Amino acid sequence: MNQANTDMQKIEIASNVLVFGGGLTGIRTADAIAAQGYPVLLVEPGEAIGLTAEPRPLNGYSPTEMDILNNLVKQVRASKDIEVLEQTSLARAAGVAGDYKVWLSGKEKLAEKHVGAIVVASEFTREPLNGAYGLEISDAVITQSDLEQALDSDSKKFTNKTVAFMVGFGQSGNPLVMERVLRSALELTQVEGSSVYIYVNDIKVAAEQLERLYLETRDKGALFFKLLKAPAISSQEGGVSITYNDPVILKDVTIQADIVVIEEALQANCANSQLADTLRLDLGSGGFLQTDNVHRFPVATNREGIFVVGGSRQARALDQASMDAENAALQIRELLGDGTKMVPANKAVLDTGKCTFCLTCYRCCPHGAIYWSTDNKPIISPIACQGCGICASECPMDAIQIGEFSDTTIHEQVNSSMADKGKAPKIVAFCCQNSALEAAQMAEDFGIALPKGLRLIQVPCAGKIDLDYILNAFVEGADGVLVMACHPGNCKSEHGNTYAQWRVNDAQRRVSDAGLDKARLRFETLASNMASDFARIVAEFETRLKNLTGN
Ligand code: SF4
Ligand code: SF4
């Protein structure tokens, strides 16, 4: 197997950071980044940074912990390494990791800033779910936020009251929702004469200290009822009536409560979709700013140099959001380092003479590495380009080539691999260098026997496998072609495997039209450690080709 050059080269970059969002996560992130020695611009669209921008319940924190949080806000305001801009929004952004330009819209004018990295720390929001229970909010039907406020102002108003919580029937269980319920329920158990009932679909305690909080709440007298179906609740004079099917006695039971507390959904901030547009981020499920891709965890996005922390990536408790802040600071140190960056030597190069300015490359680049210049030309950033080759394969004019993975080089590799006129079926396997190629290498290292007619062609990403490569391999004499990509959700360039699958589907139609069995072309996904699966797939494919060709 001929391995292509994977050399890197050094480029100078900007080394200050924009943190967007001034809740406690944003503040912690700004502080952690400044502690690494990088100047920070902390931007909050609301009135002020700090606790006012905070959606998490803070009633569970001790006075000491609240002092620590308040001091952190003061410390950030006083820091000479952190510039705070309030009532300021992000109007536009362009550029790439190490070289972002952002336009901030403040009280007076639009300001242009140059930063090396961006952290989004927008907070999640809370939405009452009374509609899911068919209830109107009233004195007897309150939300979790209403209860927290009431407990903060005067918990004695719950003296001799029966309070029932509804959790997990209006949405699937969530540890942060559970934590809020448990903290409030525990506080209520300390109020004289109170009774606490918790009706729950699924007790979610998979978070630090949550199991302990659950046991403590139960030990202090709160009663838990785990039900498959939400109880029927009806308002009545001075309270509510709650009817549920008891899972132990298997009978309907009705109790009276003074107050029922309805859970709240923790939702993505509605500003996220605008932020996603501005920053060219993929939106994840529920409108949060991180897709479900293993390469993005814990705080990365589809854009290199843009990170998401806390409530911008999912509804997270304060300690989890603090971990995100530390993770973002570490990743920024890794990214910005000493103000220089190593980038792949094999990257996209544009021949403007061939370009017809169709915008295809700009739209398909998963790393946002392509700009559109003011005179309407694509510009490929050498800092952000990861050399995946998706743009090169999608360009209708073949105006983009990728270093040592140029079309000419790959065609030559395929052609020369066909020179051997042995009897074994000739198999051309286009292998993503991040997965299938490593699996193949491992199979060879383990001494696993592979088909004699197998020829491996390295590509930087399966998204680089052009339709022409596949068809040319058949024209040059291949008996079969394998296209081997990363598993879904595991592509470093997000959709490279999807592009490859589409091209294989297209090629199968054309191969069929040309009178060949489309089973001669196969698409597979693999992880880099799947050496035996690689060997199994190529062996099965060889057998299939022998049956088809009679060789
Ligand atoms: S895809 Fe090709 S032709 Fe279209 S703008 Fe990009 S380089 Fe130009
Ligand atoms: S090679 Fe990949 S990262 Fe580079 S410009 Fe093309 S699509 Fe973007």
Side-chain angles (χ1 to χ4, degrees), residues 4-9 11 13 93-100 117 279-282 291 293 295-296 300-306 335 341-410 430-435 437 457-469 485-486 490-503 506:
N5 175 14
T6 49
D7 282 355
M8 308 294 276
Q9 64 183 130
I11 294 186
I13 55 174
V96 296
D99 183 23
Y100 281 113
L279 296 170
R280 293 180 67 194
L281 296 180
D282 289 340
T291 54
N293 180 316
H295 295 294
R296 309 285 175 248
T301 65
N302 56 304
R303 299 287 311 278
E304 194 191 14
I306 302 184
L335 175 79
K341 186 184 170 198
M342 300 300 290
V343 292
N346 271 316
K347 57 179 86 188
V349 177
L350 172 70
D351 178 347
T352 44
K354 289 185 177 174
C355 175
T356 53
F357 317 118
C358 67
L359 277 173
T360 303
C361 54
Y362 172 78
R363 280 190 289 260
C364 73
C365 174
H367 301 284
I370 303 184
Y371 296 85
W372 212 249
S373 72
T374 44
D375 58 346
N376 259 347
K377 288 194 177 117
I379 298 171
I380 299 174
S381 160
I383 295 179
C385 176
Q386 300 297 303
C388 66
I390 291 174
C391 59
S393 296
E394 285 295 298
C395 173
M397 304 307 296
D398 291 337
I400 301 174
Q401 296 296 331
I402 310 289
E404 294 188 12
F405 297 102
S406 70
D407 292 342
T408 311
T409 309
I410 289 185
F430 293 103
C431 298
C432 168
Q433 68 183 11
N434 303 309
S435 53
L437 194 81
I457 306 293
Q458 175 184 357
V459 285
C461 165
K464 176 73 182 79
I465 303 165
D466 203 313
L467 181 64
D468 282 353
Y469 297 174
C486 300
N490 212 17
C491 171
K492 282 187 177 169
S493 293
E494 201 71 32
H495 307 301
N497 44 8
T498 311
Y499 281 106
Q501 167 90 74
W502 288 340
R503 290 179 199 137
D506 192 4

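In listed order, ligands and their atoms are each counted from 1. If you're wondering where the values come from, they're calculated on a predicted model, not measured in any experiment.
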Need the ligand 2 atom indices (1-based, order shown) with element for anything under 4.0 Å from a heavy-atom of I402. 1 (S)

When T409, I402, I410 are each screened for side chain to side chain contact (heavy atoms under 4.5 Å, CB included) with S406, the one that passes is T409

Name the option, out of C385, C391, A392, that contains the heavy atom nearest to atom 4 (Fe) of ligand 2. C385

Atoms of ligand 2 close to H367 [distance to a heavy atom under 4.0 angstrom, numbered from 1]: 3 (S)

Please tell me if the side chains of T301 and D282 come closer than 4.5 Å, counting only heavy atoms from C-beta onward. no

Just so I know, are the side chains of Y100 and I306 near enough to count as touching, which here means a heavy-atom distance under 4.5 Å? yes

Is the closest side-chain heavy-atom distance between S393 and R503 below 4.5 Å? yes

Numbered in order shown, the ligand 1 atoms found under 4.0 Å of a heavy atom of C361 are 1 (S), 5 (S), 6 (Fe), 7 (S)

May I ask you to check if any N/O/S atom from C355 comes under 2.8 Å of atom 2 (Fe) of ligand 1? no

Check ligand 2 against Q386 and write out every atom of the ligand that is under 4.0 Å from a heavy-atom position of the residue. 3 (S), 4 (Fe)

Is any side-chain heavy atom of K464 closer than 4.5 Å to one of D407? yes

Decide side chain to side chain contact (heavy atoms under 4.5 Å, CB included) for C391 and I370; before the verdict, give the C-alpha distance in whole Å, the side-chain angles of both, and the deciding distance to 0.1 Å. CA-CA 9 Å; C391 59; I370 303 184; 4.2 Å; yes

Element-labelled atoms of ligand 1 that are located less than 4.0 Å from some non-hydrogen atom of L350: 7 (S)

Is it the side chain, the backbone, both or neither of L359 that has a heavy atom closer than 4.0 Å to ligand 1? backbone

With a cut-off of 4.0 Å, which atoms of ligand 1 are near a heavy atom of M397? 3 (S)

Starting from atom 8 (Fe) of ligand 2, locate the nearest protein heavy atom and write down its residue, its atom name and how far away it is, to 0.1 Å. C365 SG, 2.3 Å

In ligand 2, the atoms that come under 4.0 Å of a heavy atom of G387 are 1 (S), 4 (Fe)

Just which atoms of ligand 1 are under 4.0 Å from any heavy atom in T356? 3 (S), 8 (Fe)

Distance filter under 4.0 Å to T360 heavy atoms, resulting ligand 1 atoms: 1 (S)

May I ask you to test the C355-M397 pair for a side-chain heavy-atom distance under 4.5 Å? no

Have a look at ligand 2 and work out which part of I370, if any, has a heavy atom under 4.0 Å from it: side chain, backbone, both or neither. side chain

Side chains of H495 and Q501, heavy atoms from C-beta outward: is any pair under 4.5 Å? no

Give a yes/no answer: is there an N/O/S atom of C388 under 2.8 Å from atom 8 (Fe) of ligand 2? no

Side chain to side chain, Q401 and T408, heavy atoms closer than 4.5 Å: no

Hey, are the side chains of P460 and N346 touching, using non-hydrogen atoms and a 4.5 Å cut-off? no

Top protein contact for atom 2 (Fe) of ligand 1, by heavy-atom distance: C395 SG, 2.4 Å

Minimal heavy-atom distance between L350 and P378, with the atoms involved, is CD2-O, 3.3 Å

Please report which non-hydrogen protein atom sits nearest to atom 1 (S) of ligand 2, along with the residue it belongs to and the distance in Å to one decimal place. G389 N, 3.2 Å

Counting heavy atoms under 4.0 Å, the part of Y362 that contacts ligand 1 is neither

